[in-house]
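Every number for a ligand or one of its atoms is a count from 1 in the order of the listing.
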Amino acid sequence: MAETNPTLDGTPENAPGLDGAFLRTQGVSKSFHGRPVLKEADFAIGSGEIAVLVGKSGSGKSTLLRVIAGLEEPDAGDIHLAGQAVVQGGEYQGAWKDLHGQIGMIFQSYTLWPHMNVLDNLTIAPRLTLGESRAQLLERAEKALTEVGMAQHLRSRCTQLSGGERQRVAIARALMMRPRLLLCDEITSALDPPVAAEVLGVLTKLKEEEGIACVIVTHDMAFASKAADRICFFEDGLIKEDVPPEHAFNDPQTPGLRAFIDAIRF
Ligand code: ADP
Ligand code: MG
């Protein structure tokens, strides 16, 4: 594990008392059918940071994201979010209910409702949970779509959109809940490289303009080298190396990351 990341610097929206990390997992473990998949995984990210998770298939990246998102209950470990303990000793705490809305997650396969138009896809969850008026939600949907460069598609049917457009709508839909942390699990794996670059570029903009923290699982090493603040190398259920991209690419410290970088070098 590398030394503490200097960019977790305690800006106002970062959590106090946790070295400024907005999210921190400590000793998070998870087994499936008796087989450990996460083994006391430690991870942290500050507001306005992009962390790219890399590692072989099956190393536990998606499981960590799913645990952070509350889609999978950990067996053990602590999670702090915005300065509050939301999981302690593997148990969700009361604070989780208040804070989980700060986390948005986007997946590889398009999870939009195909029979609804873009506006309805964006507003259905907030309409059910936030109790805001149609006018407020329309305004917010327009803003979210503008952020991802899709404002002209407010009334488009999702079936008419290309893969890249759908993923930008999926990001806009996550933005409707005003997340401070976005978890992106291989969201561009099904897209052509130039389209993938555009979609990932949206995340860089959100980080820079809104201070949203992004944890991104991707095989797009061009993006990782350009846009990541940190590369977190996952192996065997935990993060073995957590370093800025230039270190990851030029001076990997662990044999696993060295082999991974050699394998993708072109
Ligand atoms: P990665 O995203 O790095 O490819 P995953 O976190 O998806 O890895 O999976 C790690 C391991 O856990 C894999 O062997 C996978 O089959 C297993 N796994 C993940 N989710 C489940 C589940 N819900 N039930 C059983 N096994 C699972
Ligand atoms: Mg995965």
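With respect to atom 24 (N) of ligand 1, the closest heavy atom belonging to the protein is Phe32 CD2, 3.4 Å. The protein atom (non-hydrogen) at minimum distance from atom 3 (O) of ligand 1 is Lys61 NZ, 2.8 Å. Protein heavy atom in closest approach to atom 5 (P) of ligand 1: Thr63 OG1, 3.7 Å.
Residue-to-ligand polar distances keep Val37 apart from ligand 1: every N/O pair is separated by 3.5 Å or more. Considering backbone and side-chain atoms alike, Arg35 places an N or O below 3.5 Å from some N or O of ligand 1.
Aromatic ring pairs are classed by plane angle as parallel below 30°, tilted from 30° to 60° and perpendicular above 60°; the pair His115 and Trp113 is perpendicular.
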field: CA sep, side-chain torsions, deciding dist, call: Leu145, Gln152, side chain to side chain contact (heavy atoms under 4.5 Å, CB included)
entry: CA-CA 8 Å; Leu145 288 170; Gln152 72 282 23; over 6 Å; no
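Ligand 1 places these atoms under 4.0 Å from at least one heavy atom of Ser57: 4 (O). Atoms of ligand 1 found under 4.0 Å from any heavy atom of Ser62 (numbered from 1 in listed order, with element): 1 (P), 2 (O), 6 (O), 7 (O).
Nearest residue to atom 4 (O) of ligand 1 from Gly60, Pro36, Gly58, Ser31 is Gly58 (criterion: closest heavy atom).
Not one N, O or S atom of Thr63 sits under 2.8 Å from the Mg ion (ligand 2).
For Arg140 and Thr123, the side-chain atoms include no donor-acceptor pair closer than 3.5 Å. In this model, no donor atom of one side chain and acceptor atom of the other lie less than 3.5 Å apart for Ser29 and Glu40.
Exactly one of Leu181, Leu175, Leu203 qualifies for a side chain to side chain contact (heavy atoms under 4.5 Å, CB included) with Ile212. That residue is Leu175.
Arg230 and Phe43 make their closest contact through NH2-CE1, 4.0 Å (heavy atoms, listed as atom of the first residue, atom of the second, distance). Contact record, Gly163 with Leu191: C-CD2, 3.5 Å, taken as the closest heavy-atom pair.
Under a 4.0 angstrom heavy-atom cut-off, Ser59 registers as being in contact with ligand 1. Assignment of Lys56 to the shell around ligand 1 is supported, since a heavy atom sits closer than 4.0 Å.
Within a 6.0 Å sphere centred on NZ of Lys205, heavy atoms belonging to other residues, nucleotides or ligands number more than 12.
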